[in-house]
Trainee: 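Below is the structure I would like to discuss, written out as structure tokens.
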Amino acid sequence: MPKTTLALLRSPLARSVRLLPLLACIAVALSVLSCPYAAMGQDSSTAQEETIRETTAENTAGEPGKIATNEDPVAEESSDSENATWMQRIDTAFGKYVVDNAAAVIFYDFGTKDRFGVSIPFVVVWLFAGGVFLTLRMRFINLRAFRHAIDLIRGIYDTPDEPGEVTHFQALAAALSATVGLGNIAGVAIAIGTGGPGATVWIILVGILGMTAKFTECTLGQLYRVTDEDGHVLGGPMRYLRYGLKDIGLPGLGRVLAVVFAVLCIGASFGGGNSFQVGQSLEVIQDDIHILQDHPWIYGLIMAVAVGIVIIGGIKSIAAVAGKIVPIMCTAYVIAALYILALNATEVPAAISTIVSEAFSLKAGYGAFLGVLVIGIKRAVFSNEAGIGSAAIAHSAAKTDEPVSEGIVALLEPFIDTVMVCTITALVVVVTGVYAAPNMQDVIASDQGARLTLEAFVVGGHEWFRYVLFAAVVLFAYSTCISWSYYGERSWVQLFGVRTSIIYKLLFLTFTVLGSIVTRGNILAFSDLMILGMSFPNLLGVFLLSGVVKRQLDSYWKKYQNGEFPRMK
């Protein structure tokens, strides 16, 4: 390249042009906080959008006790705006101008509500079909490699000179800290409260299928990882979508999918991986800490400081903290839940029977059956993130020279997160019967899943069990935030370069505080939109690259069966 051209590329003008996408992204983030834009006005019949419209109606309603009329809606809206607090104005703008518009696209259901009586968003079919396809394509690797996965995280095959930043166990802990969280406590309770106990079966099924999706995407993450200029590993869908698809002759599609994924991942890290966690955990402890009832932003600020201290250190710091927090909080939560099930042992068989029978029941009609299935799939994916591609970012940093081995480690995540933890939570909620309690219907209607699980712990165990759940909820939320900050930061670096990383971290911490301000309904909707939306570019790329993974798997499995991998322990 001529020297004049190189000089032009390095000029201040060129650097300014390259910063335009960065400034645009910052502007979008700030608009969420203060600058509402015009709604697209699209109509949709999806159940998600109905929830969003209800939330928006609540946000724009008048003073408590005041009956709305149609006499002068413009004047009433103006009056509402004038009387609203700054927190309410932020929440209203967020729900009305961001969530509602995005839902019209991501949760489009092709008119299935009119045909079948229940809305079936395409994203739900996409994820379920993806899990089935990959499980068959990889010949049930989720089942046949289960024991080998346990040996890998035990370090039996670890060698100290392998490339990477963290061990198999630390990578698994970091990824689990992002998935084992409020989705297990709040999401499962929401699924049962809205869809009935039968949703549990579909949550488990999607968890089993999700094991193969995790294996495939995390293997690809290892295959296409690189090391950035600061010596940190950069891997995940934003890498394998771009360069993997380029290798199979689809460079244009790869670039587009990589950018779309990175943008959605950044949004998801602000929403489901951050604000949702803070908001739901705040709901649980708020009643017992009176200062948070009037000043909820204090909790958000404390969480922001705690998260900020860890994320400055990058994946090594995050993995070290996650490696300590995840085992402790999972053990404490599971022991408390199992104790409740032991106290109510006589009710467990009936609860299991109810769960299974309602999962396949057509008593309430075909539409009711589909509704339970959709709710179960959506909440399971939100919990374990299989097919979303996020975990591939953490597993890319694992120390190994065999990409398939890290994929096999990753398949344990949905099993631990969904098959184990979610099932235990579901049994506690069903056994205690709180999902059908009259005093819990308002809690269910407002998607306060964590509070429903809290009620189950108190009813089924002891009054002081609330403090066990308090600790679990806060630690779950905290660990999820620190891991998702890494996912979003790696996506940000892929788009804007490593030197702008600090800007992302500051925006992330801003949304941590925002999570204590924006209402749970809007946070939940935004979380679904961004996290589920990531599955579109990710799974499309994974489908196209599944042949690459299959060849790698066949080669690796042949070596494993022949005993070619030396055991270190």
Trainee: Decide side chain to side chain donor-acceptor pair (under 3.5 Å) for W492 and T500; before the verdict, give the C-alpha distance in whole Å, the side-chain angles of both, and the deciding distance to 0.1 Å.
Mentor: CA-CA 8 Å; W492 181 281; T500 65; 2.9 Å; yes
Trainee: Which atom pair, heavy atoms only, marks the closest approach of C265 to Y487?
Mentor: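 Closest approach of C265 to Y487, heavy atoms only: SG-O, 3.7 Å.
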Trainee: How close do I393 and S491 get, heavy atom to heavy atom, and via which atoms?
Mentor: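 Taking every non-hydrogen atom into account, CD1-OG, 4.3 Å.
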Trainee: Would you say the side-chain atoms of T512 pair up with the backbone N or O of F508, donor to acceptor, closer than 3.5 Å?
Mentor: yes
Trainee: Are M138 and S546 close enough, and set up right, to give a side-chain contact (heavy atoms from CB on, under 4.5 Å), and what steps lead you there?
Mentor: CA-CA 8 Å; M138 304 301 161; S546 60; 4.1 Å; yes
Trainee: What are the two closest non-hydrogen atoms of G207 and V419, and how far apart are they?
Mentor: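 Nearest pair, atom of G207 first, then V419: C-CG2, 4.3 Å.
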Trainee: Just checking, any donor-acceptor pair under 3.5 angstrom between side chains of Y504 and S269?
Mentor: yes
Trainee: Could you tell me the separation between the CG atom of L257 and the CE atom of M238, rounded to the nearest 0.5 Å?
Mentor: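 Taking CG in L257 and CE in M238, the distance rounds to 14.0 Å.
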Trainee: Sequence neighbours left out, cut at 3.5 Å: what donor-acceptor pairs do the side chains of residues 241-254 make with other protein atoms?
Mentor:
from, atom 1, to, atom 2, distance (Å)
D247, OD2, Y224, OH, 3.4

Trainee: Please report whether the ring centroid of F511 lies less than 6.0 Å from that of W484.
Mentor: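 For W484 and F511, the ring centres are not under 6.0 Å apart.
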Trainee: Scan L544, I388, V123, L127 and name whichever one has a side-chain contact (heavy atoms from CB on, under 4.5 Å) with L539.
Mentor: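 In the set L544, I388, V123, L127, the residue that makes a side-chain contact (heavy atoms from CB on, under 4.5 Å) with L539 is L127.
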Trainee: Could you check whether F133 and F543 have their ring centres less than 6.0 Å apart?
Mentor: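 Centroid separation for F543 and F133: below 6.0 Å.
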Trainee: Determine whether I355 and L427 satisfy the following criterion, side-chain contact (heavy atoms from CB on, under 4.5 Å), listing intermediate values before the conclusion.
Mentor: CA-CA 9 Å; I355 287 171; L427 281 173; 3.9 Å; yes
Trainee: Only one of E217, E413, Q222, K214 clears side-chain hydrogen bond (donor to acceptor under 3.5 Å, both in side chains) with H395; which?
Mentor: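 Result for side-chain hydrogen bond (donor to acceptor under 3.5 Å, both in side chains) with H395: E413.
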Trainee: Which distance, rounded to the nearest 0.5 Å, do you find between the CG of L412 and the CE of M420?
Mentor: 10.5 Å
Trainee: Before you tell me yes or no, could you show the steps for V259 and L495 under side-chain contact (heavy atoms from CB on, under 4.5 Å), namely the whole-Å CA-CA distance, both residues' side-chain angles and the distance that decides it to 0.1 Å?
Mentor: CA-CA 7 Å; V259 171; L495 289 178; 4.2 Å; yes
Trainee: Tell me the closest heavy-atom pair linking F128 and L205, and the distance in Å.
Mentor: CE1-CD2, 4.0 Å
Trainee: For V542 and Y240, what are the C-alpha separation, side-chain angles and deciding distance, and is it a side-chain contact (heavy atoms from CB on, under 4.5 Å)?
Mentor: CA-CA 9 Å; V542 168; Y240 62 69; 3.9 Å; yes
Trainee: Considering residues at least two apart in sequence or located in another chain, which fulfil the side-chain hydrogen bond (donor to acceptor under 3.5 Å, both in side chains) criterion with S485?
Mentor: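 Counting only residues at least two positions away or on another chain, S485 forms no side-chain hydrogen bond (donor to acceptor under 3.5 Å, both in side chains).
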Trainee: Can you name the nearest heavy-atom pair linking L282 to P296, along with the distance?
Mentor: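 That would be CD2-CB, 3.7 Å.
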